[in-house]
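The structure under discussion appears below in the form of structure tokens.
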Amino acid sequence: MIQISLASGFVFDAANVYGKICVTAEEMAVFSPQLRQAHAAICAMRESGEAKVHVSKDGAPEKVLFYRLPYVGDRGLNTPERLAYMEAFAEKARGRVDAVILYGVGGSYLGGKVLFDAHCGTLWNLLPEAERHGRPKIFFAGNNADPRSLSELLRFFRAEAAQKDEYRVMHVVISKSGTTIEPMAGYIIMEAELQRSAIATETVAVTSPAGGADETLLHRLAREANWPVFFIPDGVGGRFSVFSEAGLLTGALTGFSLRSFLDGARAMDKACRSDDITENPALLNGALKYLAAKNHGRSIEVFMPYADCLKSLSEWYVQLLAESLGKRLDRNGQVVNYGRTPVAAVGTTDMHAQTQEHQEGPQDKIIQFVSLGDWQADLIVPETYNRHAGLDMLSGVPLSRIMSEACRANAAALAEDNRPSANYILPELNAFHLGELMYLLCLSVAYEGELADVDAFDQPGVEIYKRHLRASLKALQTR
Ligand code: PA5
């Protein structure tokens, strides 16, 4: 039985995965030398920026630096000047820019989408401008090459622009490598089509800061056309980039508190300095997930927040887990085919879809819940039908209570059949606690990479299909 509560009120409740269910204290005790070793490796990485055998996709030595992003001004990844510039930039867009389209895919999309959904909710773009405090409508594109989605977006802008004297769209093209197919294709099409429709546009780039021979094409286009540029620093991979300008710019444009988000990440980083699993939530999380898979066959992780607006957090985590830990080779070059299959879910919705299988299917899953304490918006079910058996128990009950009781019921039902689950409990959904949680997840996979001895920071498997796709697209040009 174990639960780590931080001073902020954030709780990692692992009571249903450690102790009686799944991983035992004896197993953990036997494992303690590996835990100490993994912790020492993470501490060494924090000091030197180096992770064992890690190289970039081009085979060049590459540092791993995501854990420095929360420390504004410290060793220069996020600086006070850049944060102030980003906030001022977003402020200038207020009342001037009608809509922003963010083009990015994978790590250059998923993190920003979480910040948007958590802060703005589902109906932001339907709110009148005054309700958005003059902030622009926000759209995501380039996270697929789907012609229908892009055509619909175009149709939408033409219709919107027809109702205004001047309609202005800001393109934000996010690509660390600067040539990724989906966002670049999306941007090039949308810019050309909006120009053709006489809709005013402006472009912003978010890319690698490298210069000279390493300058990205996107960076060069930005320099030549004088577009504003934001950066994803060297040593920060896409799936860890939510704490860089890639994620933060999306937040800034909607009035999300970048500083609270980074404060939360920093608080979590500081809470993860001990080599004691009863104190360090990332070490505990990495160790439990690793042992649950290795010794108990829990090779699938279902990530299930109880909040609609956190569905994109599940999607972000799917990428983080899959790309970081799904590896054919370990760091000694041995074939291990390590990984845990991530599944995105949402409570209570997926209790009416996936839970049947979680409860009675193969004993190969660990369910990871996220639940919220206080909801800023709550509604109470009126007593309209309190005399009707079946609906009487709803009378006078806040919806937030239904959510928390449903999560508890789900965990209890799983526990009755010795099926493990854990819960991240956020006192409320705000920028600080979101920063804590997203940072905890990043550091947890870093720990698990150490425990499994795989490089959690590369993605060689993704490069293989990219080579095929680029070759077939090139072949189309020569026909
Ligand atoms: O995590 C990753 O590295 C990837 O998902 C990338 O973010 C994604 O492929 C997009 O790459 P880029 O930012 O270079 O366009």
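Numbering of ligands and ligand atoms starts at 1, following listing order. Below, all heavy atoms of this structure are taken into account, side chains as well, without hydrogens, waters or symmetry copies.
Salt-bridge annotation for Lys365 and Glu301: absent, with no side-chain N of the basic residue lying under 4.0 Å from a carboxylate O of the acidic one.
Between the SG atom of Cys22 and the CG atom of Asn16 there is a distance of 10.5 Å, given to the nearest 0.5 Å.
Close contacts of ligand 1 with Gln459, meaning ligand atoms under 4.0 Å from a residue heavy atom, involve 3 (O). For ligand 1 and Gly238, the ligand atoms under 4.0 Å from any heavy atom of the residue are 1 (O), 2 (C), 3 (O), 7 (O). Ligand-side atoms of ligand 1 in range of Val105: 7 (O), 8 (C), 10 (C), range being under 4.0 angstrom from any heavy atom. Interface atoms of ligand 1 facing Thr180, defined by a heavy-atom separation under 4.0 Å, are 11 (O), 12 (P), 14 (O), 15 (O).
A donor atom on one side chain and an acceptor atom on the other are not found under 3.5 Å apart for Tyr103 and Asn143. Judged by distance alone, the side chains of Ser56 and Glu62 never bring a donor and an acceptor atom under 3.5 Å apart. Using modelled atom types and a 3.5 Å distance limit, the side chains of Asp330 and Tyr338 yield no donor-acceptor pair.
For atom 4 (C) of ligand 1, the nearest non-hydrogen atom from the set Gln319, Glu463, Met184 belongs to Gln319. The option from Ser177, Ser108, Gly107 that lies nearest to atom 14 (O) of ligand 1, judged by heavy atoms, is Ser177.
Taking any N or O of Ile174, backbone or side chain, none lies under 3.5 Å from an N or O belonging to ligand 1.
Considering only non-hydrogen protein atoms, atom 2 (C) of ligand 1 sits nearest to Glu323 OE1, 3.4 Å. Protein heavy atom closest to atom 9 (O) of ligand 1, with residue, atom name and distance, is Lys466 NZ, 3.8 Å.
Phe432 and Phe10 have their aromatic ring centers separated by at least 6.0 angstrom.
Of the candidates Lys52, His54, Arg331, His54 is the only one forming a side chain to side chain donor-acceptor pair (under 3.5 Å) with Asp455.
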